[in-house]
4 protein chains.
Amino acid sequence: MHVREMISTHPDVQGNVAENLLICIEECYSCAQTCTACADACLAEPMVDQLQQCIRLNLDCADICAATGAMASRRTGSNVETLRATIQACAVACQRCAQECGQHAEMHEHCRICSESCTRCAEACQAALNNVQ
Amino acid sequence: MHVREMISTHPDVQGNVAENLLICIEECYSCAQTCTACADACLAEPMVDQLQQCIRLNLDCADICAATGAMASRRTGSNVETLRATIQACAVACQRCAQECGQHAEMHEHCRICSESCTRCAEACQAALNNVQ
Amino acid sequence: MHVREMISTHPDVQGNVAENLLICIEECYSCAQTCTACADACLAEPMVDQLQQCIRLNLDCADICAATGAMASRRTGSNVETLRATIQACAVACQRCAQECGQHAEMHEHCRICSESCTRCAEACQAALNNVQ
Amino acid sequence: MHVREMISTHPDVQGNVAENLLICIEECYSCAQTCTACADACLAEPMVDQLQQCIRLNLDCADICAATGAMASRRTGSNVETLRATIQACAVACQRCAQECGQHAEMHEHCRICSESCTRCAEACQAALNNVQ
């Protein structure tokens with residue numbers, strides 16, 4: 001991804017890239033992919049009837065991660081309150097999904113990777129809030 | 001849209017459709033379309049250089065509305081805390097966008113319609129929170 | 001939804017709303033919701049292990065319908081070749097999903113409704129191609 | 001991103017990761033972010049009234065890239081015809097956007113980076129079609 005290059009060439013940014021927000025953007029897009037793929041991998045498992053909650057959390061997490069990644073990529077004008085609330089919602093989604101996937105991490109390697117991706121994204125969201133105020 | 005028909009035939013719902021959440025889903029999808037179209041109409045205005053903030057809020061609002069509409073459409077398992085936080089973020093985005101579009105409502109008919117759509121969606125989000133706990 | 005109101009107030013449209021494209025936009029947003037809900041309802045079925053293909057097609061269809069609905073909502077400038085290719089892809093996705101859901105229509109009411117929604121959307125996409133050239 | 005790790009642990013994949021499709025997924029998510037950021041950076045330019053077509057193509061490209069990245073991440077069951085048509089639409093969108101951004105590459109660094117990202121994504125889409133049949 002080219003998040004830093006893009007944000008740093010925005011006409012209003014001028015060096016103030018907001019480091020934590022950059023990381024948050026990358027983690028959001030990455031986590032959106034990971035959760036989409038984990039939902040799909042869970043769906044193909046023979047024991048899919050025990051992974052229904054996991055798939056649901058994966059899909060919810062993918063949706064909010066995609067929205068947050070896009071919204072956090074914008075620097076024109078200002079929409080602080082919305083961005084903060086969205087990043088907070090994303091952090092919650094990632095925490096819940098990390099927890100759920102973590103419970104199947106030993107059995108399903110895709111859940112282990114997804115749980116780690118969600119944990120990183122939740123932390124990146126928390127850290128990014130310092131850059132959004 | 002066929003929100004009610006779909007939700008009411010979900011195997012776990014059995015009549016408990018959560019009326020306010022149904023309306024919220026419809027308003028979210030509708031507002032996602034309206035905000036996408038308003039951003040595009042603003043972009044075509046001769047005075048686009050005075051509508052930059054409006055376009056930005058429109059795009060943010062479209063993103064979170066789309067995510068919220070999808071997430072609120074799911075009834076398998078449970079993800080209450082995430083759904084609440086997402087609906088709250090959506091309400092904030094819609095309020096801000098309603099306010100901004102409202103300022104150009106007299107000049108641009110698309111902003112007037114969009115402002116009303118955002119207000120309805122913000123109210124639907126607030127009301128839906130009673131159904132999500 | 002307020003598709004007609006929004007498109008007809010776009011500064012470049014001036015009455016030439018492209019009737020079939022309006023219907024296509026509405027069907028795309030509607031079908032995105034229906035497919036998202038059908039994937040989720042299938043996921044909650046006791047026989048989920050026989051609905052894996054259906055869920056996959058639902059999710060694919062929801063993704064391309066959402067993208068097509070947004071793209072078809074734009075009238076600023078021109079992106080005809082892209083819009084045509086996207087609408088065609090959406091028509092294919094809807095046809096496949098209608099077919100798959102149609103096979104479970106007698107057993108699952110949500111699949112019946114979804115199959116009809118996909119069929120309408122596929123037809124609306126085909127009709128809209130006349131407006132995009 | 002962790003595309004390879006996720007796809008290679010899907011229960012149905014078993015080593016047959018489809019190398020070109022992996023690259024396509026990564027480029028699609030990356031290009032979705034780049035185009036979202038480029039639309040926003042163009043919007044903040046003083047000469048925004050000359051970048052309307054560019055912003056429109058950026059937004060269209062972001063939409064289809066996001067849909068394609070998600071769809072191409074799925075390996076459960078099969079949806080070949082839909083995936084092919086979607087990847088082809090994505091390639092068209094990327095080519096058009098690369099071309100348009102390329103025209104402002106000397107003036108706007110974000111357009112230069114975005115043009116390159118779109119070109120890479122278009123090529124990755126073309127190459128991926130060999131893996132989808």
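Here is how names work: the chains are called A, B, and so on, in the same order as the sequence lines, proteins then strands, and each is numbered from 1. Values reported hereafter were calculated over all heavy atoms of this structure, with side chains retained and with hydrogens, waters and symmetry mates removed.
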Would you indicate whether C:Q133, at its atom CD, is surrounded by more than 12 heavy atoms from other residues, nucleotides or ligands within a distance under 6.0 Å?
-> yes
Could you pull out the closest heavy-atom pair between B:S30 and C:M1, with the gap in Å?
-> OG-CA, 3.5 Å
Structural part of B:V13 lying under 4.5 Å from a heavy atom of chain C = neither
Winner by heavy-atom pair count (cut-off under 4.5 Å) against chain B, out of C:A41, C:A39, C:C42 = C:A41
B:A37 backbone acceptor or donor facing C:S73 side chain under 3.5 Å | no
SG of B:C114 to CE of C:M6, rounded to nearest 0.5 Å, is 5.0 Å
Using ring pair (Phe, Tyr, Trp, His ring centres under 6.0 Å) as the criterion, list what pairs up with C:H108, not counting sequence neighbours.
-> C:H110
Taking every heavy atom of B:D12 against every heavy atom of C:A44, the minimum-distance pair comes out as OD2-CB, 3.7 Å
Exercise: identify the closest heavy-atom pair between B:D40 and C:R75 | OD2-N, 2.5 Å
So what's closer than 4.5 Å to chain B heavy atoms on C:A62: side chain, backbone, both or neither?
-> neither
Of the listed C:Q33, C:R74, C:H10, the one with the largest count of heavy-atom pairs under 4.5 Å with chain B is C:Q33
Relative to chain C, which segment of B:A66 carries a heavy atom at a distance below 4.5 Å: side chain, backbone, both, or neither?
-> neither
With the side chain counted from C-beta on, respond yes when C:R120 and B:H2 share a heavy-atom pair under 4.5 Å apart, and no when they do not.
-> yes
With a cut-off of 6.0 Å (strictly less than), are more than 12 heavy atoms of other residues, nucleotides or ligands near CE of B:M107?
-> no
Tell me, out of C:I25, C:L43, C:I7, who's got the most heavy-atom pairs with chain B below 4.5 Å.
-> C:L43
